[in-house]
Amino acid sequence: MAFDQQFLWGGATAANQYEGGYLDGGKGLSTSDVLTAGAYDQPRRVTWRDPATGETGSTPFVLFAGGRQVPEGAEPAVIDGEYYPSHTATDFYHHYKEDIALMGEMGFKCFRLSINWARIFPNGDDATPNEEGLRFYDQVFDECAKYGIEPLVTLSHYETPLHLAIKYGGWTDRRLIDFFVRYATTVFKRYVGKVKYYLTFNEINMMEHSAFMAGGIVDGTPQNKAQGAHNQFVASALAVKAAHTIDPALQVGQMLAYGPLYAFTPDPADQLKALLAMQPTLFYADVQTGGHYPKYQLQKYAREGIELADTPEDYELLAQYPADFLSFSCYGSNVVTTHDDVGESAGNLMTGVKNPYLKTNAWGWATDPQVLRIALNQLYDRYHKPLWIVENGIGWADELTADGKVHDSYRIEYLQANLASMRDAVTLDGVELMGYTMWGCIDLVSAGTGEMKKRYGFVYVDRDDRGNGTLARTPKDSFYWYQRVIATNGSDLSN
Ligand code: BG6
């Protein structure tokens with residue numbers, strides 16, 4: 001048997017891309033609610049209003065860009081005449097029973113979802129929680145329990161309450177630490193006995209690429225990003241501390257966006273480039289899972305004149321309460337080089353040059369059949385903590401065919417290679433792995449492009465890029481394939 005009986009097979013989602021019901025049950029707005037839809041070659045936009053003049057507009061939301069996300073004086077806002085995919089998304093809010101039943105049918109042992117912070121504390125800084133929001137997740141967890149599905153809850157998945165972005169400038173402000181800890185503590189206490197596994201910040205290293213998405217930071221200067229990351233680290237440590245006090249059985253993990261970087265050539269300059277290019281990613285795990293700031297990052301801050309607003313107690317907390325386990329997303333690898341004349345490629349949060357050995361999907365993301373074994377070994381060797389793959393999968397413009405089915409053989413092929421590589425890491429290399437949750441198990445909105453067209457799921461949802469469709473659910477071919485994978489505990493990956 002490749003995996004032990006406790007191995008948590010399942011799927012992953014996030015409220016901002018899946019839940020919808022954006023104002024139902026007393027929910028407040030979150031940063032995702034002001035993001036429009038984009039496309040492969042057209043960035044999403046952040047909409048805004050200037051409270052002094054009433055003027056409205058939008059600015060391109062560009063991954064990897066620094067600087068202000070909305071013009072000086074303007075506030076991110078929902079404005080008339082725009083389409084916002086998060087507002088309905090694929091409507092888990094009203095379909096949770098049906099969806100969890102489908103997960104049960106596939107044999108899920110685990111369902112990763114995020115609690116939308118603004119559903120519990122509509123403004124983020126409220127003194128008391130919104131009971132209706134808490135009740136919604138009670139119902140969701142009770143439904144999971146019916147099927148023996150363990151929830152894995154992300155506390156913040158690109159869902160900073162919008163009010164915190166406007167009033168405090170987002171995570172740059174240390175006061176967010178207290179607001180977050182109040183939120184986390186409320187949730188930990190409420191769901192004792194229902195939820196055992198939590199993640200604090202989805203892809204915490206997203207701070208590096210979009211401070212607005214990761215931390216509601218409107219002005220993404222290097223200084224603000226560094227401070228935002230620091231505040232989230234401290235908040236994570238305090239969340240670990242609170243969880244262990246409330247119930248020693250609770251486990252709070254880190255969530256990192258990870259993709260190995262390969263050097264394009266054996267040229268030492270390429271090798272060095274690949275090594276250095278990993279530091280902005282590893283830094284986040286060195287602190288949150290490793291418990292201390294690495295020297296390379298302190299030197300970088302010193303060179304760039306970045307000074308953190310911190311206290312000596314912060315560093316004690318980081319060392320004392322590191323994450324209990326390290327979870328990560330991994331879709332593929334990337335390649336870097338110092339040489340020009342090599343084609344560009346795309347990928348999740350990291351870009352590089354084209355890998356001539358790999359195939360890519362329509363969005364340029366490469367499928368790497370060895371990536372999970374490589375990633376798992378790299379992370380286990382460095383941190384010696386239990387790992388959990390909480391996102392992996394392939395975005396595809398699936399089509400519902402005339403026979404009422406979705407024949408997604410490309411997804412099965414992708415997953416066969418990835419799961420085989422994951423299995424090798426466990427059986428041949430001895431990596432400690434808690435579970436695997438495939439991203440977007442029921443179709444949902446793409447975070448990067450805001451499209452519906454970029455689908456990941458085992459279940460097709462009838463909804464298009466402009467919000468048309470019945471929201472009806474249809475299992476794809478991969479649904480039945482994954483059902484067998486889980487039933488055989490990963491032994492049978494065949495077609
Ligand atoms: C991860 C995020 O970056 O990748 C998810 O945690 C996201 O929120 C996923 O949806 C896939 O990216 P995309 O841009 O294809 O949705």
Side-chain angles (χ1 to χ4, degrees), residues 11-19 30-33 35-44 61-64 85-86 89-90 92 112-117 152-160 199-215 232 253-259 281 284 326-334 345-351 360-367 371 375 388-398 411 414-415 418 436-457 461 463 465:
T13 62
N16 79 88
Q17 292 159 256
Y18 180 41
E19 193 176 88
S30 86
T31 45
S32 293
D33 294 327
L35 277 173
T36 68
Y40 175 57
D41 49 359
Q42 189 195 327
R44 305 181 74 174
F61 164 78
V62 187
L63 282 170
F64 315 118
S86 74
T90 43
F92 175 67
R112 176 178 174 224
L113 72 162
S114 68
I115 290 186
N116 204 325
W117 183 354
L152 166 62
V153 171
T154 316
L155 291 167
S156 181
H157 192 131
Y158 309 154
E159 292 140 357
T160 308
L199 305 174
T200 48
F201 298 95
N202 179 64
E203 299 188 330
I204 190 166
N205 49 321
M206 178 61 143
M207 184 64 78
E208 206 75 20
H209 311 286
S210 167
F212 183 71
M213 201 172 231
Q232 291 192 345
Q254 159 160 26
M255 178 358 180
L256 182 76
Y258 193 77
T281 300
Y284 289 83
L326 173 58
S327 78
F328 62 102
S329 61
C330 185
Y331 291 87
S333 53
N334 280 292
S345 84
N348 188 29
L349 303 197
M350 284 169 240
T351 50
T360 56
N361 71 357
W363 287 264
W365 293 26
T367 298
V371 74
W388 194 335
I389 297 166
V390 294
E391 287 187 31
N392 170 251
I394 189 161
W396 211 274
D398 296 326
R411 179 164 295 107
Y414 170 97
L415 292 173
N418 276 264
Y436 173 89
T437 56
M438 196 213 56
W439 175 248
C441 48
I442 311 264
D443 282 349
L444 40 68
V445 175
S446 155
T449 65
E451 289 169 293
M452 260 319 297
K453 194 170 117 194
K454 191 181 187 191
R455 296 167 183 274
Y456 286 85
V461 178
R463 178 114 179 136
D465 286 339

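These numbers come from a predicted model, not from an experiment. Indexing begins at 1, ligand by ligand and atom by atom, following the structure's order. As a basis for the values below, the full set of heavy atoms in this structure was taken, side chains included, without hydrogen atoms, waters or symmetry mates.
Within ligand 1, the atoms closer than 4.0 Å to a non-hydrogen atom of Tyr158 are 2 (C), 3 (O), 6 (O), 8 (O), numbered from 1 in the order shown. Residue-ligand proximity, Tyr456 to ligand 1, at heavy-atom distances under 4.0 Å covers atoms 11 (C), 12 (O), 13 (P), 15 (O). Less than 4.0 angstrom separates some heavy atom of Glu203 from each of these atoms of ligand 1: 1 (C), 2 (C), 3 (O), 6 (O). Each of the following atoms of ligand 1 lies closer than 4.0 Å to a heavy atom of Gly448: 13 (P), 14 (O), 16 (O). Distances below 4.0 Å separate heavy atoms of Ala447 from the following atoms of ligand 1: 7 (C), 8 (O), 10 (O), 13 (P), 14 (O), 16 (O). Heavy-atom proximity to Ser446, at under 4.0 Å, picks out these atoms of ligand 1: 13 (P), 14 (O), 15 (O), 16 (O).
At a heavy-atom cutoff of 4.0 Å, ligand 1 is contacted by the side chain of His157 but not by its backbone.
For the residues Arg455, Glu391, Glu451, Met255, the heavy atom positioned nearest atom 4 (O) of ligand 1 is part of Glu391. Between atom 10 (O) of ligand 1 and the options Met213, Gln17, Lys454, the minimum heavy-atom separation is to Gln17.
The aromatic rings of Tyr18 and Phe92 lie parallel to each other, with less than 30° between the two planes, well short of the 60° mark.
Tyr436 places a side-chain heavy atom less than 4.5 Å from the side chain of Leu415.
Minimum interatomic distance between Asn392 and Met438 (heavy atoms only, all atoms of both residues): O-CG, 3.0 Å.
One finds no salt bridge joining Asp465 and Lys453 here, because no Lys/Arg side-chain nitrogen approaches an Asp/Glu carboxylate oxygen to under 4.0 Å.
For ligand 1, the polar-atom distance check against Thr449 finds no nitrogen or oxygen pair separated by under 3.5 Å.
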